[in-house]
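Below: one structure, written as structure tokens.
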Amino acid sequence: MSAFRRDKKEEEEGSGNPFQNIEKTTVLQETRTFNDTPVNPRKCTHILTKILYLLNQVTTLQGIERYMKQAIVDRNSAVSSAALVSSLHLTKIAGDVVKRWVNEVQEAVNSDSVMVQYHALGVLYHIRKSDRLAVNKLVAKLSHMSLKSPYAVCMLIRIACKLLEDEDSSGGGSSDSPLFEFIESCLRHKSEMVIYEAAHAIVNLRRTTSRELAPAVSVLQLFCSSPKPTLRFAAVRTLNKVAMSHPEAVTACNLDLENLITDSNRSVATLAITTLLKTGAESSVDRLMKQIASFVSEISDEFKIVVVQAIRALCLKFPRKHSVLMNFLSAMLRDEGGLEYKASIADTIITIIEENPEAKETGLAHLCEFIEDCEHTSLAVRILHLLGKEGPRTKQPSRYIRFIYNRVILENAPVRAAAVAAMAQFGAACPDLLPNIQVLLARCQMDTDDEVRDRATYYYSILETQDKPLANHYIVEGLQVSIPSLERALHQYTMNPTDVPFDMKCVPLAAVPSEEIVNPSAKGGQADGMLISAASSGSKVLAVAATVSREESYAEKLRSVPELVAFGPLFRSSEPVELTESETEYVVRCIKHSFPQHLVLQFDCVNTLSDQLLENVRVEVETPTGYQLVQEIPCPRLSYSETGTAYLVFQFPEELGATVGTFNATLKFLVKDCDPATGLPDSDEGYDDEYMLEDFEVTLGDQIQKVTKANFGAAWEEAGATHCELADTYSLSNMGTLEEAVKNIISFLGMQPVERSDRIPEGKSSHTLLLAGVFRGGYEILVQVKLALAAAVTMQLTVRSTNPEVAELVTSAVG
């Protein structure tokens with residue numbers, strides 16, 4: 001019996017990989033089958049699979065190269081397609097070898113087989129994609145041919161789109177580009193697939209104007225009345241996307257979209273209505289909402305989310321309709337649905353609350369009702385956090401206490417803990433509610449959960465002191481450091497016992513979350529070549545959940561370099577600065593890392609020359625006065641197409657005003673000629689060479705980390721007594737609008753706009769911008785910018801900082 005089990009187990013293990021024990025010589029002998037007449041497609045495909053497996057096991061490709069070439073041009077389309085698809089996969093591991101098959105692949109492009117032509121074009125593009133001129137010639141040649149495969153034409157459209165996007169990003173695009181003319185001509189193709197691909201491409205190009213958009217919209221309008229549900233769905237979904245950026249272009253399709261409201265396919269009907277919501281007038285909102293309500297319960301969560309997104313855009317477009325739309329969202333919240341669907345509704349209500357002050361109390365009331373019966377812990381916690389943040393600023397803060405305290409009585413531990421934190425916010429911000437809040441917090445100190453008891457005791461102790469700055473610092477503002485970094489720093493502190501108290505300034509600050517919503521379907525987001533995107537609809541949620549700060553991700557890499565450990569915790573990392581063009585022989589970019597007293601310049605270098613091996617790669621810079629070079633860490637070896645990193649470490653000047661300046665950089669290295677196929681140098685001798693890089697600047701923003709202030713007014717008032725203050729007035733003559741001035745000030749100072757002061761109410765000629773940040777070394781900075789628009793923009797800048805030199809640096813840098 002045991003022998004039987006062992007045999008069965010071995011059989012199961014073997015079944016996991018049928019090619020585990022194949023030998024190269026045996027497979028090479030089997031390739032003679034390719035010469036048989038007639039060819040057996042099934043057998044040849046199986047042999048090609050074995051060959052691909054062997055190649056992935058890092059066996060030599062040269063031995064079967066002749067057979068692959070023969071298979072590519074085989075008369076049997078199945079064999080040829082299999083060989084081409086194998087070649088496509090091989091471009092990732094043996095691109096130089098596959099390039100030698102270009103003649104056979106070009107011959108396959110002229111095949112009469114639809115799939116062979118499609119696969120051949122894919123391989124040909126991957127062979128030439130690193131050479132933009134060659135790809136341009138390929139598109140120019142094939143666009144004048146009559147390709148028989150609609151799949152190949154669709155791919156050619158996508159390749160042309162990528163070339164257009166590259167031209168536009170490099171500033172070389174023109175309105176009468178032959179590439180765009182080719183895409184537009186495909187709108188008159190006999191294949192519906194090609195027509196839709198061309199219309200979809202025109203819609204998604206960043207450069208498309210309303211005039212260029214018109215023929216594509218006309219084609220999509222015709223598809224709206226197609227008897228095929230797939231075409232109707234594709235057309236209305238694409239029009240839905242166009243309506244976000246060019247609503248006026250879709251207005252001509254409103255009658256066709258009205259007809260689709262009663263479509264038997266609920267997905268089509270939903271997209272039709274949401275498109276009409278984006279393009280219709282304010283007077284049509286009530287009617288469209290009634291029509292959505294009639295069948296919203298019948299559609300899937302995915303399309304309910306589309307409806308919610310349309311309502312969000314509508315609320316921002318027609319603020320006076322917030323009451324009708326908010327009531328509709330509230331009804332949707334009470335329906336059955338998953339977490340992502342309910343979260344999208346909550347996010348929309350929160351957005352409306354933030355954008356429209358008149359809708360705040362209505363929106364908070366709807367959210368209070370929702371958490372009474374919310375089954376999603378994470379969502380309830382988020383809403384309680386919002387109530388704690390926004391509730392104290394309403395006309396009647398006391399009305400929300402009951403809803404919050406109910407969560408302490410009825411919910412699980414995480415929700416109870418969030419409710420305790422929300423109540424503490426009311427106690428800190430509303431003095432008249434403080435006695436009642438203290439009574440409730442005292443009751444929470446008897447909770448069964450440790451976290452709830454600890455929070456209640458902590459907040460009660462702070463509120464009991466009736467020290468407003470203390471409550472503002474530890475309750476309203478909260479902890480603004482990076483939690484993973486705090487955990488790591490505390491662990492290191494406990495591992496090395498010392499009498500010195502733990503210093504919170506040694507912990508990097510947490511990244512301020514961006515308000516931009518990442519859209520995976522944004523323009524320019526398509527993949528190249530075979531254009532297969534692996535992103536799923538749920539990846540956005542996972543990506544947002546997994547977001548870490550730029551500093552945390554770079555700190556991990558910097559800690560792996562022993563020479564950099566001694567400089568303390570990383571304070572701030574800049575966005576990468578490109579020091580070369582992307583098509584040059586050597587591609588270099590610089591990341592500026594600010595430490596409390598040191599500047600680390602990280603140079604990521606890529607060698608794009610296959611016949612060169614670089615050694616001792618380093619960057620020499622001419623620095624502004626005051627910077628002292630502390631250490632140089634070169635990259636010992638840089639092979640073809642690999643990324644290597646070199647570092648320079650400088651000590652910041654003692655005078656803060658000297659820390660802002662321009663650096664001149666030169667890339668220096670030892671070159672050894674090598675064999676492109678193997679990457680091995682021809683000899684041990686080499687020669688020194690250098691490559692000029694673009695200049696780059698170390699700015700004020702590189703030394704400031706953004707922080708949020710939940711109650712800027714209280715922080716500003718407190719800083720008036722404890723901080724140094726400097727003020728000055730400036731004329732911004734080169735800026736014509738308040739919006740432009742606000743954008744440039746935020747970008748230059750690198751600080752965080754708080755209390756949504758970066759948004760300027762419509763029609764205003766004056767505005768106050770509030771900014772908060774921390775300078776390296778832990779010095780707090782608060783900035784109040786008063787702007788007035790007349791002939792030019794006049795700015796009154798007031799800076800308060802714990803360090804007088806930092807305040808002077810900010811005012812002098814702006815001047």
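What you see is a predicted model, and the numbers here were worked out from it, not measured in a lab.
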task: Output, in order, the C-alpha distance, side-chain angles, deciding distance and verdict of side chain to side chain contact (heavy atoms under 4.5 Å, CB included) for C444 and Y405.
output: CA-CA 10 Å; C444 295; Y405 188 67; 4.3 Å; yes

Taking all non-hydrogen atoms of both residues into account, name the closest pair between [X] and [Y] and its distance.
{"X": "I704", "Y": "L749", "answer": "CD1-O, 3.6 Å"}
{"X": "L782", "Y": "F712", "answer": "CD2-CE1, 3.9 Å"}
{"X": "F571", "Y": "Q703", "answer": "CE2-O, 3.3 Å"}
{"X": "I345", "Y": "L329", "answer": "CG2-O, 3.7 Å"}
{"X": "K706", "Y": "G750", "answer": "CG-O, 3.4 Å"}
{"X": "E739", "Y": "I760", "answer": "N-CD1, 3.5 Å"}

Report yes if the side chains of [X] and [Y] come closer than 4.5 Å at any heavy-atom pair, otherwise no.
{"X": "R312", "Y": "D347", "answer": "yes"}
{"X": "L271", "Y": "L239", "answer": "no"}
{"X": "H723", "Y": "Y779", "answer": "no"}
{"X": "I349", "Y": "F370", "answer": "no"}
{"X": "L700", "Y": "V814", "answer": "no"}
{"X": "V408", "Y": "M423", "answer": "yes"}
{"X": "F403", "Y": "I383", "answer": "no"}
{"X": "K389", "Y": "V476", "answer": "no"}

Would one find more than 12 heavy atoms of other residues, nucleotides or ligands at under 6.0 Å from atom [atom1] of [X]?
{"X": "E372", "atom1": "CD", "answer": "yes"}
{"X": "K360", "atom1": "NZ", "answer": "yes"}
{"X": "E369", "atom1": "CD", "answer": "yes"}
{"X": "E718", "atom1": "CD", "answer": "yes"}
{"X": "D503", "atom1": "CG", "answer": "yes"}

Name every donor-acceptor pair, under 3.5 Å, that has one atom in a side chain of residues 428-443 and the other anywhere in the protein, sequence neighbours excluded.
none

- prompt: Given E361, which of K395, R399, Q396 fulfils the side-chain hydrogen bond (donor to acceptor under 3.5 Å, both in side chains) condition?
  reply: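 So the option named by the test is R399.
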
Does the [X] side chain pair with the main chain of [Y], one donor and one acceptor, at a distance under 3.5 Å?
{"X": "H767", "Y": "S757", "value": "yes"}
{"X": "T348", "Y": "S344", "value": "yes"}
{"X": "E477", "Y": "A710", "value": "yes"}

- request: Please assess T448 against R416 for the test side chain to side chain contact (heavy atoms under 4.5 Å, CB included), listing each intermediate value before the final yes or no.
  value: CA-CA 11 Å; T448 56; R416 296 202 304 273; 3.7 Å; yes

- prompt: Do the ring planes of Y458 and Y474 sit parallel (below 30°), tilted (30 to 60°) or perpendicular (above 60°)?
  reply: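 Rings of Y458 and Y474: perpendicular, as their planes differ by over 60°.
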
- prompt: Quick one: do the R453 and Q445 side chains pair a donor with an acceptor below 3.5 Å?
  reply: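 Side chains of R453 and Q445: no pair found under 3.5 Å.
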
Pair up each side-chain donor or acceptor in residues 787-804 with any protein partner under 3.5 Å, not counting sequence neighbours, and list the distances.
| from | atom 1 | to | atom 2 | distance (Å) |
| --- | --- | --- | --- | --- |
| R800 | NE | E725 | OE1 | 2.6 |
| R800 | NH1 | W716 | O | 2.6 |
| R800 | NH2 | E725 | OE1 | 2.8 |
| S801 | OG | E780 | O | 2.9 |
| S801 | OG | N803 | N | 3.2 |
| S801 | OG | N803 | O | 3.4 |
| T802 | OG1 | E780 | N | 3.2 |
| N803 | OD1 | E805 | N | 2.9 |

